[in-house]
Amino acid sequence: VILNRDHTNHCVKLFMSYENLIGKKLCDIASNEHLSSVIKILPFPIASHTNNTVPTFNYANDAMLRLFGMHESEFIGLDSRLSATRSNQVERQKLLDEVHQHRFIENYQGYRVRKDGTEFFIKKATIWNVYNAEDEFDGQAVIIYEWSD
C-alpha cells in the first residue's frame, strides 16, 4: 500500500503523465497539494500498475475499488493480469504493449472481471504510460469513463 507521501508523489506522476501525453488535465485542481485527495474521490475509476516483469497494481481510487469489488489491501499488489479473464489476457497484453509503444490509447473497450468473478465491459477508457520526474517509464495507468455489467 502506498503511504501518504509516496501516495501524493504517485498521484502527481499519474496527473503529469496524463497531461503531458494526452494534453488534457486528469482533473481540475489548482495545486498538487490536495491532488491525491481529489483523484481518490473522482467518479471515474483510476488505477495504475508497476513496470515490473509481472506488473502489479500500485494504485486504485475509490471508484476503481468499488468497480472491482475489492478493498485497497486486496487490490494493491495484485497481479494486474488478473483484472482480465483468462480468455481476455492475451488481448489485454497486446493492448498494453501497444500503449507502451504509442504512450497512450483512448477509447479502449474490453472485458474485465471483478473479485466475485462477474464480468463487466469497459466502454470508454484511456490507458497511458506513467513516467517519473526523470522521464523514465514507471508503469501504466487507466481511467475508465464508461462501463456496464
Side-chain angles (χ1 to χ4, degrees), residues 1-2 6-29 32 35-132 135-149:
V1 175
I2 297 175
D6 291 337
H7 189 77
T8 298
N9 291 339
H10 187 72
C11 285
V12 169
K13 286 191 289 188
L14 296 178
F15 182 86
M16 295 304 297
S17 296
Y18 186 91
E19 184 175 17
N20 290 339
L21 294 173
I22 297 157
K24 303 176 203 170
K25 290 189 181 285
L26 191 57
C27 57
D28 289 323
I29 190 162
N32 292 342
L35 184 61
S36 64
S37 299
V38 171
I39 290 176
K40 180 175 175 50
I41 61 169
L42 284 176
F44 303 110
I46 298 174
S48 64
H49 67 216
T50 63
N51 180 28
N52 298 341
T53 304
V54 176
T56 57
F57 286 114
N58 60 357
Y59 179 80
N61 71 352
D62 292 347
M64 186 66 79
L65 295 172
R66 283 191 304 273
L67 184 59
F68 276 90
M70 293 187 187
H71 296 285
E72 186 176 42
S73 61
E74 297 170 302
F75 196 85
I76 303 303
L78 181 69
D79 179 339
S80 65
R81 292 176 295 189
L82 300 178
S83 65
T85 60
R86 288 193 189 275
S87 62
N88 289 312
Q89 286 183 8
V90 170
E91 174 264 331
R92 178 190 165 278
Q93 188 56 54
K94 286 180 185 176
L95 166 75
L96 295 179
D97 291 344
E98 182 180 340
V99 171
H100 192 289
Q101 180 181 359
H102 297 288
R103 302 179 68 154
F104 74 95
I105 189 168
E106 294 181 288
N107 297 312
Y108 168 71
Q109 298 184 62
Y111 286 95
R112 293 296 176 266
V113 62
R114 292 183 177 94
K115 176 185 172 182
D116 67 7
T118 60
E119 290 186 29
F120 61 95
F121 186 69
I122 297 170
K123 295 181 180 179
K124 184 178 175 187
T126 299
I127 304 167
W128 71 99
N129 290 341
V130 177
Y131 297 92
N132 64 22
D135 202 33
E136 298 165 332
F137 179 68
D138 201 41
Q140 294 176 318
V142 62
I143 183 168
I144 303 170
Y145 293 106
E146 292 180 30
W147 64 93
S148 63
D149 289 326

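The shortest heavy-atom contact between Ala63 and Pro43 is CB-O, 3.7 Å. Between Asn61 and Met64, the shortest heavy-atom contact is OD1-N, 3.0 Å. Contact record, Ser17 with Tyr131: OG-N, 2.9 Å, taken as the closest heavy-atom pair. The shortest non-hydrogen separation linking Gly139 to Asn51 is N-CB, 3.8 Å. Residues Asp138 and Asn132 share a closest heavy-atom pair of CB-N, 4.1 Å. Pairing each heavy atom of Leu14 with each of Val130, the nearest pair is CD2-CG2, 3.7 Å.
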Test Gln93 against Asp97 for side chain to side chain donor-acceptor pair (under 3.5 Å), laying out the working first.
CA-CA 6 Å; Gln93 188 56 54; Asp97 291 344; 2.8 Å; yes

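In this structure, Ile122 and Val142 have side chains that are not in contact, with every pair of non-hydrogen atoms separated by 4.5 Å or more. Contact check for Arg112 versus Leu67: no side-chain heavy atoms found under the 4.5 Å cut-off. A heavy-atom distance below 4.5 Å is found between the side chains of Arg114 and Asp149. Between Tyr59 and Ile39, the closest side-chain pair of non-hydrogen atoms falls below 4.5 Å. Residues Tyr111 and Thr85 are not in side-chain contact: their nearest non-hydrogen atoms beyond the backbone lie 4.5 Å or more apart.
Remark: Leu95 CG to Gln109 CD distance equals 11.5 Å, nearest 0.5 Å. Atom OG of Ser48 and atom CG of Asn129 lie 12.0 Å apart (nearest 0.5 Å). The OG1 atom of Thr50 sits 10.0 Å away from the CD atom of Gln140 when rounded to the nearest 0.5 Å. Here CD1 of Ile105 is found 11.0 Å from CD1 of Ile22. Values are rounded to the nearest 0.5 Å. Separation of atoms CG (Leu21) and CD (Glu106) is listed at 10.5 Å; rounding is to 0.5 Å. Note that SG of Cys27 is 11.5 Å distant from CZ of Phe44, once rounded to the nearest 0.5 Å.
Between Glu19 and the choices Lys13, Lys25, Lys24, the salt bridge (Lys or Arg N to Asp or Glu O under 4.0 Å) rule is met once, by Lys25.
Relative ring orientation between Phe120 and Phe68 is described as perpendicular, the plane-to-plane angle rising above 60° on a 0-90° scale split at 30° and 60°. Note on ring orientation: taking the six-membered ring where Trp is involved, the planes of Tyr18 and Trp128 are perpendicular (angle over 60°, cut-offs 30° and 60°). Using a 30° and 60° split on the angle between ring planes, His49 and Phe57 fall in the tilted class, from 30° to 60°.
The backbone N or O of Pro55 sits less than 3.5 Å from a side-chain atom of Ser80, completing a donor-acceptor pair.
For Arg81 and Asp79, the salt-bridge test passes: some basic side-chain N is under 4.0 Å from an acidic carboxylate O.
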